[in-house]
Structures are given as structure tokens and as C-alpha cells.
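Worksheet: one structure, shown below.
Values in this document were obtained by computation on a predicted structure and should not be read as measured data.
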Amino acid sequence: ETDYPILGDVVISMDTAVKQSMERHHKYSLRDEFRVLFTHGLLHLFGFDHETDSGMGQDEMLHMAEEERVIFSILGWNELRGLIEHNIPEARVGTVN
């Protein structure tokens, strides 16, 4: 037993990580892709969402993208781009007013 609440699990598919790493034209190593996927999954555990059809709006999606950038920066992974920023152009740095 622990004094900390258990929020859930982050499960990362090795096949998905390999595929996405290759889709990024080998810009990211498999380790980097795992970092991106883990950070993204962790934010979901904290309640963030980016699916606009789930009731979350554009602002929430952009907030989650910003949180991905903040975590990467804190951990010194400044060369990484989060899943949202990679896949949704309007979430990229400098495109939001």
C-alpha cells in the first residue's frame, strides 16, 4: 500500500513506437519515441485530452501540446516534439496567438 494515489497505467506498444519512429523519418530514436509516447500517456492520466470530438475544445488540445513541451524542456528533451504538435499544425510553437 502507498500514500500516493494510483492514477492508472501507461501502456506503450513496441510496434506503434517503432512505426511512429520510422514515420518521423528516423529523426527520433526508439528511445526518443518512447519518451514522447510516455509523456503523452502521462498527461492523459492527469486528465488532459486532445480529442475535440470528446467534448474538449481547441484550447484544451493546445494546452496539452504546451504541457508536452514544458515536460520535454524540464527533462532536457528540447529536441522532441509531442504527438499533438507533430500531427496538428496549429499546435506548433509560434502558430498560436
Side-chain angles (χ1 to χ4, degrees):
E1 186 149 328
T2 177
D3 293 334
Y4 302 101
I6 297 175
L7 301 176
D9 298 313
V10 174
V11 178
I12 300 172
S13 162
M14 175 69 91
D15 292 338
T16 299
V18 169
K19 179 182 172 208
Q20 288 182 188
S21 175
M22 293 174 73
E23 287 173 354
R24 294 177 191 254
H25 308 288
H26 301 286
K27 180 179 177 183
Y28 290 171
S29 67
L30 186 55
R31 180 184 66 185
D32 286 341
E33 191 62 32
F34 268 95
R35 288 174 171 174
V36 168
L37 292 169
F38 179 75
T39 301
H40 189 84
L42 190 63
L43 286 171
H44 277 298
L45 285 179
F46 291 152
F48 287 89
D49 197 358
H50 54 84
E51 302 295 334
T52 55
D53 61 351
S54 69
M56 305 301 276
Q58 181 86 355
D59 290 342
E60 289 84 358
M61 177 190 66
L62 296 175
H63 185 217
M64 186 173 179
E66 176 62 24
E67 290 301 320
E68 287 178 325
R69 285 191 291 273
V70 167
I71 291 170
F72 295 153
S73 177
I74 289 170
L75 296 173
W77 302 339
N78 298 313
E79 71 283 358
L80 299 182
R81 280 189 9 207
L83 289 180
I84 299 169
E85 189 175 348
H86 178 77
N87 293 311
I88 303 172
E90 57 268 24
R92 295 193 180 129
V93 175
T95 61
V96 179
N97 295 335

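- In terms of modelled atom types and a separation under 3.5 Å, the side chain of Tyr28 and the main chain of Phe34 share no donor-acceptor contact.
- A single hydrophobic cluster is not seen to contain both Val70 and Leu80; linkage of ILVMFWY side chains at heavy-atom distances under 4.5 Å, directly or through other members, places them apart.
- Counting only distance, with no hydrogens or angles, the side chain of Thr39 and the backbone of Arg35 share a donor-acceptor pair below 3.5 Å.
- Note that CE of Met64 is 11.0 Å distant from CZ of Phe46, once rounded to the nearest 0.5 Å.
- Under a hydrophobic-cluster definition in which Ile, Leu, Val, Met, Phe, Trp and Tyr are linked whenever side-chain heavy atoms come within less than 4.5 Å, directly or via other members, Met14 and Ile12 are assigned to the same cluster.
- Residues Leu45 and Gly8 share a closest heavy-atom pair of CD2-CA, 3.8 Å.
- With sequence neighbours left out, Glu33 forms a side-chain hydrogen bond (donor to acceptor under 3.5 Å, both in side chains) with Gln20, Arg24.
- Smallest separation of non-hydrogen atoms from Gly41 and Val10: C-CG2, 3.9 Å.
- Taken to the nearest 0.5 Å, the CD atom of Glu66 stands 11.0 Å off from the CG atom of Leu43.
- With rounding to the nearest 0.5 Å, the separation of CD in Glu85 from CZ in Arg69 is 4.5 Å.
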Evaluation steps, side-chain contact (heavy atoms from CB on, under 4.5 Å), between Lys19 and Asp15: CA-CA 6 Å; Lys19 179 182 172 208; Asp15 292 338; over 6 Å; no
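- Asn78 contributes atom CG, which lies 4.5 Å from atom OG of Ser73 (distance to the nearest 0.5 angstrom).
- Residue His44 holds its NE2 atom at 10.5 Å from CZ of Phe48, rounded to the nearest 0.5 Å.
- Considering only heavy atoms from C-beta on, Asp49 stays 4.5 Å or farther from Met61 through its side chain.
- By the 4.5 Å heavy-atom criterion applied to side chains, Trp77 and Asp32 are not counted as neighbours.
- In this structure, CD on Glu60 lies 9.0 Å from CG on Leu62, to the nearest 0.5 angstrom.
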